[in-house]
Number of protein chains: 2
Amino acid sequence: MTTRWLTPEEQRAWRAYIAASLLLEDAIDRQLQQDAGMPHLYYSILSVLSESPERRLRMTDLAERLKITRSRLTYAVTRLEKDGMVRREACRYDKRGSIATLTDDGFAVLERAAPGHVDTVRSFLFDRLSEEQVGQLEEISMAIAQGLQEDGTRPASDDVPWRRRSSTACS
Amino acid sequence: MTTRWLTPEEQRAWRAYIAASLLLEDAIDRQLQQDAGMPHLYYSILSVLSESPERRLRMTDLAERLKITRSRLTYAVTRLEKDGMVRREACRYDKRGSIATLTDDGFAVLERAAPGHVDTVRSFLFDRLSEEQVGQLEEISMAIAQGLQEDGTRPASDDVPWRRRSSTACS
DNA sequence: ACGGCTTGGTTCAAGTTTGAAACAAACCTA
DNA sequence: TAGGTTTGTTTCAAACTTGAACCAAGCCGT
């Protein structure tokens, strides 16, 4: 079948989206680099850890939540560990496992950086959108993400309910 | 003043957005890497050039349109030039300038890759959105981009109408 | 208990991005 | 028109990302 090219509306949306996402990520990266000495992803790692039970998470779970590869996460955590914001611990129940724990230092950095980060997100994103648009953005994003996660989520099909594939509770 | 944290709705939207944009870019990068041997940005460079008059554009203009730094563009174009998809030419009217031109080979690669790319964008993005949502996405993206470009665009304030700051027409 | 498959994580090399510094040409302005 | 600033582009080192390859450790069937 012959290609269905994008309609003019779709083209406009696509280009606007590309531009916006690039600019936004750049702005956020710059702000965090300035104020916290780390890029957005690294901040997100600290953030996710801080909200996890005991501030710890297995590498794979962390990667899954952040939607990044394990390899990328390994690199990032190695850096964060060097900087003392995260500690790696062995998983008792699964000797293959490695658990990343947010240190007090890491938590402190996070707390110090959070206000500035939120301000940035606010001023570049939410302050420019109506309440309605915020809802629309969520729905659109969910729709996109859903289509891209079939694989990642489907394997979890709970036909084996007794077996957590994501061992957050480990150790 | 004390920080205005994100509301639950905003948090949800923000997280969904981050996830979606990461996943989408990854998917598109992978597809293009597979089928065209280059990441999304590089494809975009060829694409923008292909639509420019004479298939050529000054580096700065190209960077501006793509919303990337000049340094990043320099690197990318160097690679594309090595691969023979782009040629660099000197600008006659401004000896500092450098003009990137899409070669026939580059155009051919673009033509060959375009259908697969469009299919990908379609299946991961537009097929999952209603017509309404496409419009919403455009508006939201425009709103975001606008806030982040004040600097880049404002200097262009046409109080000096006789002087094009973007010399697309050069050479 | 052995071999084979899968899973969790890391490693390594190659490629890309970043941001500051370096240059050179163009543009003032006194 | 000399000197100072701005603009267009590249360069360089350091940081980051990618994907394939690797190594253990768990899992499973026989």
Side-chain angles (χ1 to χ4, degrees), chain A residues 22 25-34 37-43 45 57-64 66-83 88-100 152 155-156 160 163-168 170-171, chain B residues 22 25-34 37-43 45 57-64 66-83 88-100 152 155-156 160 163-168 170-171:
Chain A
L22 262 175
E25 256 304 280
D26 272 18
I28 289 179
D29 267 334
R30 256 196 307 286
Q31 184 268 319
L32 281 171
Q33 194 70 60
Q34 280 276 323
M38 64 182 78
H40 189 194
L41 174 66
Y42 292 57
Y43 176 93
I45 291 174
L57 223 40
R58 279 190 67 155
M59 294 296 277
T60 295
D61 296 330
L62 198 42
E64 164 97 8
L66 294 167
K67 313 300 179 202
I68 60 174
T69 61
R70 301 211 244 29
S71 154
R72 189 177 177 184
L73 180 61
T74 293
Y75 179 90
V77 166
T78 301
R79 197 264 233 194
L80 290 172
E81 194 172 24
K82 240 170 235 146
D83 295 351
R88 257 192 261 244
E89 285 161 22
C91 174
R92 255 170 278 164
Y93 306 139
D94 182 345
K95 281 179 199 153
R96 294 167 303 179
S98 178
I99 299 181
V160 190
R163 188 168 161 233
R164 311 291 316 123
R165 121 167 143 315
S166 198
S167 45
T168 299
C170 170
S171 176
Chain B
L22 262 175
E25 255 305 280
D26 272 18
I28 289 177
D29 266 335
R30 256 196 307 286
Q31 185 266 318
L32 281 171
Q33 194 69 61
Q34 280 276 322
M38 63 182 78
H40 189 193
L41 174 65
Y42 292 57
Y43 176 92
I45 291 174
L57 223 41
R58 278 190 69 153
M59 294 295 278
T60 294
D61 295 330
L62 198 42
E64 164 98 9
L66 293 166
K67 314 301 179 201
I68 62 174
T69 61
R70 301 205 243 22
S71 153
R72 190 177 178 184
L73 180 62
T74 293
Y75 179 90
V77 166
T78 301
R79 197 262 234 196
L80 289 172
E81 194 173 25
K82 241 171 235 144
D83 294 352
R88 257 191 261 243
E89 286 160 24
C91 175
R92 256 171 278 164
Y93 305 140
D94 182 346
K95 283 183 196 148
R96 293 168 303 180
S98 177
I99 299 181
V160 190
R163 188 167 161 235
R164 313 286 322 120
R165 118 168 144 313
S166 198
S167 44
T168 298
C170 170
S171 178

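On a predicted model such as this, the values are computed, not experimentally measured, just so you know. Labels below follow one simple rule: chain letters A, B, ... track the order of the sequence lines, proteins then strands, and each chain is numbered from 1. Side chains are part of it too, since the values below use all heavy atoms of this structure and drop only hydrogens, waters and symmetry mates.
- To the nearest angstrom, P of C/dG8 lies 13 Å from CG of A/L57.
- The distance between atom CZ of A/R72 and atom C1' of C/dC12, rounded to the nearest whole Å, is 18 Å.
- Note that CD1 of B/I68 and CG of B/L41 are 4.5 Å apart. Values are rounded to the nearest 0.5 Å.
- A sub-4.0 Å separation between OP1 or OP2 of D/dC16 and a side-chain N or O of A/R79 is present.
- With rounding to the nearest 0.5 angstrom, the NE2 atom of B/H40 is 5.5 Å from the CD atom of B/E25.
- Checking B/R30 against A/G37, the closest nucleotide of DNA chain D that is more toward the 5' end is the one next to A/G37.
- For A/T74 against C/dG9, no side-chain N or O and base N or O form a donor-acceptor pair under 3.5 Å.
- Protein atom CG of B/L41 is 16 Å distant from nucleotide atom P of D/dT17, rounded to whole Å.
- When the C1' atom of C/dT17 is taken as reference, atom CG of A/L22 falls 12 Å away, rounded to whole Å.
- Remark: A/R58 engages A/D94 in a salt bridge, criterion side-chain N to carboxylate O under 4.0 Å.
- Atom OH of B/Y43 and atom C1' of C/dG15 are 21 Å apart (whole Å).
- Each of A/Y75 and A/Q34 was assigned the nucleotide of DNA chain C with the nearest heavy atom; the assignment lying further toward the 5' end belongs to A/Y75.
- Checked by distance alone, B/T60 brings no side-chain donor or acceptor within 3.5 Å of a matching partner on the base of D/dG8.
- In terms of heavy-atom proximity, B/S98 sits nearest to B/R88 at OG-CD, 3.5 Å.
- Here A/S98 lies in heavy-atom contact (under 4.0 Å) with sugar-phosphate atoms only.
- We find that CG of A/D61 is positioned 13 Å from C1' of C/dG9, with the value rounded to whole Å.
- Between the side chain of A/R96 and the base of C/dT7, at least one donor-acceptor pair of N or O atoms lies under 3.5 Å.
- Between the CG atom of B/L22 and the CG atom of A/L66 there is a distance of 8.5 Å, given to the nearest 0.5 Å.
- Between D/dT18 and A/R70, no contact under 4.0 Å exists linking OP1 or OP2 to a side-chain N or O.
- Within the structure, every side-chain polar atom (N or O) of A/Y93 is placed at least 4.0 Å from both OP1 and OP2 of C/dG8.
- Of the two residues contacting DNA chain D, namely B/R88 and B/Q33, the nearest-nucleotide position lying further toward the 5' end is that of B/R88.
- The separation between B/K95 atom NZ and C/dC23 atom P is 20 Å, rounded to whole Å.
- Distance B/L32 CG to D/dG19 C1': 17 Å, rounded to the nearest Å.
- Closest approach to the B/R58 side chain among D/dG8, D/dA25, C/dA20 is made by D/dG8 (side chain taken as heavy atoms from C-beta onward).
- Two residues, A/L73 and A/D29, neighbour DNA chain C, and the one matched to the more 5' nucleotide by heavy-atom proximity is A/L73.
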